[in-house]
Amino acid sequence: MSLTATDIDLVCDFVRELCGISLDATKGYLIESRFTPLLKEFGLNSYSDLVRRGRDRTNQPFRQKVIDAITTQETSFFRDNSPYEALRFKALPELIDAKIGTTFPKRLRIWSAACSNGQEPYSIGIVLHQMIPDIHSWDIKILATDISDNAISRASRGWYSQLEIDRGVPADIRSRFFTPKDDGWVISDSVRALVSFRKLNLLEPFPPIAPIDLVFCRNVAIYFAKEQRDDLFRRFKKVMSPEAYLFVGASESLLGLGPEFQPQAHCKATFYRPNLPAPAVR
Ligand SMILES: C[S@@+](CC[C@H](N)C(=O)[O-])C[C@H]1O[C@@H](n2cnc3c(N)ncnc32)[C@H](O)[C@@H]1O
């Protein structure tokens, strides 16, 4: 079915409303390749039929199909490497130090927002195991969320093909944290136990959430319009503990957001801390 300029506008508006992803006229090929199978599967005659059906909020299964079709789950273990080095050698040691003397010195709350197929939260879990020898005496939870049902169910399985493992997992980590299964590898129970998966649309208000010490929100907000992106990071700030860190994607920056966050650097990684108001002078 050929895609007209009107179809493109219609589909772009709908996708932006549904999950924040900003497409434009140059993405006609993407719209066609991702949505043609859906048109066939549901016997729809036009893109406007697809949008009409997708706007029906009572039809969640169809809306989820659209989300699964248009989102891109590109990810890998220890993606870009340097953020994980910064986590290992700077953010985590500083966070652990900052916790000493607080009410819960051995509690860490972590959020992998837009976790895709799970490589990101599991990579964080592996770093925690490597860096905290007495991890069993800690209270650590990694919340891993994504808008895509497919991504969440794949991530929950914790199974990865050889190719996915080869993209980023060094041999020593593979032998300590994965076991072979069905021509691939499954994440160890000790790392899996740290992570809980939940479906969540970052455009919607966050559910009640405990103060978060570490947020990874990488390679998703880059697809959002500026107002949605800024709003998202301001909402993150509200749920972050005073000593928290925020990691974004390699090509993302919070510099346009004003004084909300303070950039930090470690080797090639840039990450952020919330800027807190100065204590009142008495
Ligand atoms: C390119 S992947 C990034 C995965 C991982 N954070 C990384 O950097 O490797 C983007 C993920 O964002 C998810 N996503 C897209 N829009 C979203 C939204 N509005 N709320 C939550 N997740 C979203 C997609 O389903 C996809 O899994």
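One-based numbering, in listed order, for ligands and for the atoms of each.
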Participant: Are the ring centres of Tyr47 and Phe35 closer than 6.0 Å?
Facilitator: no
Participant: Which protein non-hydrogen atom lies closest to atom 9 (O) of ligand 1, naming both residue and atom, and how far is it?
Facilitator: Thr75 OG1, 2.6 Å
Participant: Applying a heavy-atom cut-off of 4.0 Å, say which part of Phe224 lies close to ligand 1: side chain, backbone, both or neither.
Facilitator: side chain
Participant: Using a strict 4.0 Å cut-off to heavy atoms of Val220, name the atoms of ligand 1 that fall inside it.
Facilitator: 12 (O), 14 (N), 15 (C), 16 (N), 17 (C), 23 (C)
Participant: What protein heavy atom is closest to atom 23 (C) of ligand 1, reported as residue, atom name and distance in Å?
Facilitator: Ile147 CG2, 3.3 Å
Participant: Identify the protein heavy atom lying closest to atom 21 (C) of ligand 1, giving its residue, its atom name and the separation to 0.1 Å.
Facilitator: Leu200 O, 3.3 Å
Participant: Which residue holds the protein heavy atom closest to atom 25 (O) of ligand 1, what is that atom called, and what is the gap in Å?
Facilitator: Asp146 OD1, 2.6 Å
Participant: With heavy-atom distances below 4.0 Å as the criterion, list the atoms of ligand 1 near Glu120.
Facilitator: 5 (C), 6 (N), 7 (C), 8 (O)
Participant: For Ser76 and ligand 1, does the shortest N/O to N/O distance drop below 3.5 Å?
Facilitator: no
Participant: Looking at Phe206, I'd like to know if the NZ or CZ of Arg235 sits under 6.0 Å from its six-membered ring centre while staying within 45 degrees of the ring's axis.
Facilitator: yes
Participant: Is any N or O atom of Ser148, backbone or side chain, closer than 3.5 Å to an N or O atom of ligand 1?
Facilitator: no
Participant: Considering only non-hydrogen protein atoms, determine which one is nearest to atom 8 (O) of ligand 1 and report residue, atom name and distance to 0.1 Å.
Facilitator: Asn219 ND2, 2.8 Å
Participant: Measure from the side-chain N and O atoms of Arg16 to the backbone N and O of Val11, and report whether any donor-acceptor pair falls under 3.5 Å.
Facilitator: no
Participant: To check your reading of the model: name the closest protein heavy atom to atom 18 (C) of ligand 1, its residue, and the distance in Å.
Facilitator: Asn201 OD1, 3.7 Å
Participant: Please find out if less than 6.0 Å separates the ring center of Phe77 from that of Phe177.
Facilitator: no
Participant: Below 4.0 angstrom from a heavy atom of Thr71, which ligand 1 atoms are there? Numbered from 1 as shown, please.
Facilitator: 15 (C), 24 (C), 25 (O)
Participant: With atom 10 (C) of ligand 1 as the reference point, say which of Ile70, Thr145, Thr72 has the nearest heavy atom.
Facilitator: Thr72
Participant: Under 3.5 Å between any N/O of Tyr223 and any N/O of ligand 1: does that happen in this structure?
Facilitator: no
Participant: Is there a donor-acceptor pair under 3.5 Å between the side chain of Ser175 and the backbone N or O of Asp172?
Facilitator: yes
Participant: For His129 and Ser190, indicate whether the former's side chain and the latter's backbone hold a donor-acceptor pair under 3.5 Å.
Facilitator: yes
Participant: Is it true that Phe216 and Tyr272 have ring centroids separated by less than 6.0 Å?
Facilitator: no
Participant: What protein heavy atom is closest to atom 7 (C) of ligand 1, reported as residue, atom name and distance in Å?
Facilitator: Arg79 NH1, 3.2 Å
Participant: Would you check if the side chain of Arg234 reaches a backbone N or O of Arg229 as a donor-acceptor pair within less than 3.5 Å?
Facilitator: no
Participant: Examine the proximity of ligand 1 to Ala151 and report which part, side chain or backbone, both or neither, has a heavy atom under 4.0 Å away.
Facilitator: neither
Participant: Any N/O of Cys19 closer than 3.5 Å to an N/O of ligand 1?
Facilitator: yes
Participant: Give me the nearest non-hydrogen protein atom to atom 20 (N) of ligand 1 as residue plus atom name, then the distance to 0.1 Å.
Facilitator: Leu202 N, 2.9 Å
